[in-house]
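So the structure is just underneath, and the comments pick up after that.
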Number of protein chains: 2
Amino acid sequence: MQQVSIKDIARAANVSHPTVSRALSHSPLVKSETAERIRQIAASLGYRPSAIARSLATKKTKTIGVVVTTIADPFIADVVSGIEETANDHGYSVFLANSNANPDREVKVVHSFHERRVDGILVTASRVGALYVPLLSQLKVPIVLINNQHPDEPDEFIYSVMIDNIKASTQVMKHLIGLGHRRIAYIGDQSGFQSDTERFAGYRQALDRAGYPFLPELVVHGDGKPEGGRQAMEQLLALPMPPTAVFCYNDMSALGALRTLYGHGINVPDDISLVGFDDLSIASYTYPLLTTVGQPKQQMGRMAMETMLKLISGVDIKANLKVDGELIIRESTAPPKS
Amino acid sequence: MQQVSIKDIARAANVSHPTVSRALSHSPLVKSETAERIRQIAASLGYRPSAIARSLATKKTKTIGVVVTTIADPFIADVVSGIEETANDHGYSVFLANSNANPDREVKVVHSFHERRVDGILVTASRVGALYVPLLSQLKVPIVLINNQHPDEPDEFIYSVMIDNIKASTQVMKHLIGLGHRRIAYIGDQSGFQSDTERFAGYRQALDRAGYPFLPELVVHGDGKPEGGRQAMEQLLALPMPPTAVFCYNDMSALGALRTLYGHGINVPDDISLVGFDDLSIASYTYPLLTTVGQPKQQMGRMAMETMLKLISGVDIKANLKVDGELIIRESTAPPKS
DNA sequence: GAAGGGGATGCACACGTGTTCAAAAGATTG
DNA sequence: CAATCTTTTGAACACGTGTGCATCCCCTTC
C-alpha cells in the first residue's frame, strides 16, 4: 500500500484535489461543510501531507541545518537541545551535522544543507570561521552563529548569539579579589579564539582596576580540554611562587587542573582556589563542587533559533545578541591561606 | 537570483533537461563528450541539485530520523555522534528530535518524521516502547532501536542494537568478588527498564555462582541520575552493616553515590569500593577515577546506522545485535579493608 | 426577466528531478 | 543501396502539493 495523497482523498470525497488542498489548510475559499467532510475523510484514511512535495511547491522546507564541531561536547549538546526544542515548537525540523572541525567535512556539510534547501543555518562554536563563513553566506540563507570563535564577521548576513565574556570574567575576578587573592593565575585556551581573548581581557582589566600587578608567568595556555588543564597546572605549580587562585578558561580545563592538584596532595580550596567557566553538569559533581560561570546554554540555543525564525520571516533585528553569564559560587573557592 | 536548475543548464548547453539529468548522474546513455561538457557548465553555474525534487521523483529522501529522549545526555550524544558520522559517510542526513520522554512530543515527532518521509528511524533509549513502537511501525519504515528499555518487541519490523548487560554485569561482579568483597550492594534504576533488570540479573547470578547469599537489603533503587544515587547511598550507609562494595546501575548514579561518600568522609576505595556503568567521560575525571564498564557508544551508533543502511537496501540481517561491554578498572575499586 | 455580484469549485500550470518510450541519427551488414 | 542495429537525444509524463484564473451556480437587485 502506498502513501495516501490528496488525490486519493479527492477521489473519495468526489471533489478535485485543489479543493482538498484548500480544505486541509483551512482556506476560507471552500464551503465549511465540504471542508469538514474532506478533513474527516483525510483523517480516516490516515493522510499525512508530504513535506517534500509541499517544499517543492512553496520553496520553503521548514528545515534548518545545525553545524556543530561535535555533538559529544556537553556544552554544545545543551545548546542544540535548546535549538531543537524551539525549532520543533514552530514546526521546523533540524538537520544535525558534526564537522569534527575538519575543513573537508565542513564544506561537505554546507553542500548537503544547500542541496536540502534548508531555510537557515545555525553554527555552534565554529573554529574555522575564516574560510567557513564566506562559504556559508554564498547560500543566501540566514545564518546565526553561537559563541563563534572568529572575531570579525564582516558579512551583513551573519548574526550571532554570544555570552558576554568580559563581563563574566570580571565577575569571577571580583569574587577572587574580594576573597583576598592577589596572585591569581589564568589558564587559557589556545590563543586566537575570541572567547579566550575576551575572558583574558576581563582578567587583565580586573587586575588593573584592583591595582594589582599583572604577572605574565601566571598566564599559561591549555587546550580547552582536561589534558591541557592538567599540564598547565603542573606548570603553575613549578613556579617558585605558585598562585593562590586559578581562573580556568572552562570547566574542562578546570577538571584537568583539579586532577593535578589531587596528585600533588594540594587541597582545594584551602591551599588553592579554582574557578571554571561554563557550568557543565560535571561541575556539580566534582570534589569539591566547582565554582564556575553558568552560561544559559539551552537558552542561548533558543535565542539563536528565535533569531533565526525572525530572520526567516523578514523581521529586522539586532545582529549580535549578548547574554550574561552567572557566577555560581560553590566549594572550590575560599580566602587564601595566610 | 534564483537557484539554478537542470533546465538552466540545458538551455546553456543547448540540450534537453533529461540529457542534463543523465549526464550528471553519469549515465552511460549520454555521449561522454557531451556529458563532460554539460558537467563543466553545471560546475561553472554553481549548480547544486535539489534534494527535494529528487526525493519527490525517486521516493527516497536519503534522510533518517533520530529520536532521543534528550541530546543533553552524554551517553546519547556519543551514540548520535556515531550515527551521524556513518549516515553522512553514506550520503544520508539525520533529523534530530528529542522527545523529553514526553508522550505528546513523541507522537509529534513521529508525525513529523512521517511527513518528511524519512527512509528510516533510529530510537535511542526509548522508555515508552509500549505505545511508541506500534506507532512507529505503522509507518512501514525500517526502525532500529538502541538500548531500548522495553523488553518485548513482537514486531518483525523492529531491529535493535544493545549491550550485553548480563555479561558485563557478571564481569563487574567477578572483579569485585575477586578482590575479596562479599557484601556487595547494587544501586539500580527505576524498576522495569530492561537494562536495569539485566544488570541486576548479572549481579544476582554472580552471587549465586560464588555461593554468596543474596541480601535484599543491599539492593536499592535510584533514578539513573546523580540525585537518585546520592539518596540510595545514604540508604545503604544507614544499614547496620553497610556493604564493602557498591555496583551502580550507571555512572550518573555512581557520581551521586560518590558525593554521599565524600560527605560522610568515607574513603573510596579504601573503605568502600565503587563501580559504575557506561564510562562517560566524567568517569575519567572524578576523584578517585571511576572503575566502570565501557560501552562502545559511538560504535553502537555506527552499528545501528549500518544496520539501517542494510535494511534500507533490503539485505537480510540479524534482528538483534549484542555488543560486549568492557570492564575498565581505575581507582575506585580495591580489596576490602579487614 | 436580465444583469450583476459573490461564493464555491475545477482546470491548468508550476516547482525540479527522474524515467519510459519513441524518434532521429549514425553505423553496420547483407 | 536498402535494411537492420546501435547510439544518442528529446518528448511526455510522473512524483504530491499549492495557486492564479476561469467557470459555474445561485442569489440579489433593478
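Computed from a predicted model, the values in this text were never measured in an experiment.
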| request: Take the protein atom NZ of K7(B) and the nucleotide atom C1' of dG18(C), then report the distance between them rounded to whole Å. | output: 12 Å
| said: I'd like to know if the side chain of R116(B) pairs up with that of S93(A) as donor and acceptor (distance under 3.5 Å, no hydrogens or angles considered). | reply: yes
| Hey, can you pull the residues of residues 14-39 of chain A with a non-hydrogen atom under 4.0 angstrom from DNA chain C? | V15(A), S16(A), P18(A), T19(A), R22(A), L29(A), V30(A), K31(A), T34(A)
Donor-acceptor pairs under 3.5 angstrom involving side-chain atoms of residues 14-22 of chain B: please list them, not counting sequence neighbours.
from	atom 1	to	atom 2	distance (Å)
S16(B)	OG	T19(B)	OG1	3.2

| task | Please report, rounded to the nearest Å, how far the C1' atom of dG16(C) is from the NZ atom of K59(B). | result | 16 Å
| For N98(A), which residues count as a side-chain contact (heavy atoms from CB on, under 4.5 Å) partner, sequence neighbours excluded? | V68(A), I71(A), N100(A), S81(B), E84(B)
| request: Please state how far atom CZ in R117(B) lies from atom C1' in dG16(D), giving the value in whole angstrom units. | output: 9 Å
| message | If we count only N and O atoms by modelled type, under 3.5 Å, do the side chains of D119(B) and T63(B) hold a donor and an acceptor together? | response | no
| request: Enumerate the residues from residues 40-57 of chain A whose closest heavy atom to DNA chain C is under 4.0 Å, giving them by residue number; use none for an empty result. | output: L56(A), A57(A)
| said: I'd like to know if the side chain of H114(A) pairs up with that of Q3(B) as donor and acceptor (distance under 3.5 Å, no hydrogens or angles considered). | reply: yes
| request: Only counting residues at least two apart or in another chain, list the ones meeting side chain to side chain donor-acceptor pair (under 3.5 Å) with S281(A). | output: none
| request: Quick one: list whatever passes side-chain contact (heavy atoms from CB on, under 4.5 Å) with L309(A), sequence neighbours left out. | output: H90(A), Y92(A), M305(A)
| remark: Letter by letter from the 5' end, nucleotides 23-28 of chain D scores (B base, S sugar-phosphate only, - none; protein heavy atoms under 4.0 Å) ------
| field | Terminal helix-axis angle for the helix from dG1(C)-dC30(D) to dG30(C)-dC1(D), with five pairs defining each axis and rounding to 10 degrees | value | 60°
| Given atom CG of D8(B) and atom P of dC15(C), what is their separation to the nearest angstrom? | 10 Å
| Under 3.5 Å, is there a donor-acceptor pair between the S160(A) and N148(A) side chains? | no
| query | Quick one: salt bridge (Lys or Arg N to Asp or Glu O under 4.0 Å) partners of R48(B), sequence neighbours excluded? | reply | E115(A)
| note | Taken in chain and number order and not counting sequence neighbours, the residues that satisfy salt bridge (Lys or Arg N to Asp or Glu O under 4.0 Å) with R11(A) are D8(A)
| message | Would Y47(B) and I41(B) count as a side chain to side chain contact (heavy atoms under 4.5 Å, CB included) here? Give the steps. | response | CA-CA 9 Å; Y47(B) 169 75; I41(B) 293 177; over 6 Å; no
| request: State which residues pass salt bridge (Lys or Arg N to Asp or Glu O under 4.0 Å) with D89(A); sequence neighbours excluded, sorted by chain then number. | output: R105(B)
| said: From CD of E115(A) over to P of dG16(C), roughly how many Å is that when rounded to an integer? | reply: 15 Å
| task | Quick one: list whatever passes side chain to side chain donor-acceptor pair (under 3.5 Å) with D278(B), sequence neighbours left out. | result | Q295(B)
| request: Take atom CD1 of I6(A) and atom P of dC11(C), then tell me their distance rounded to the nearest Å. | output: 14 Å
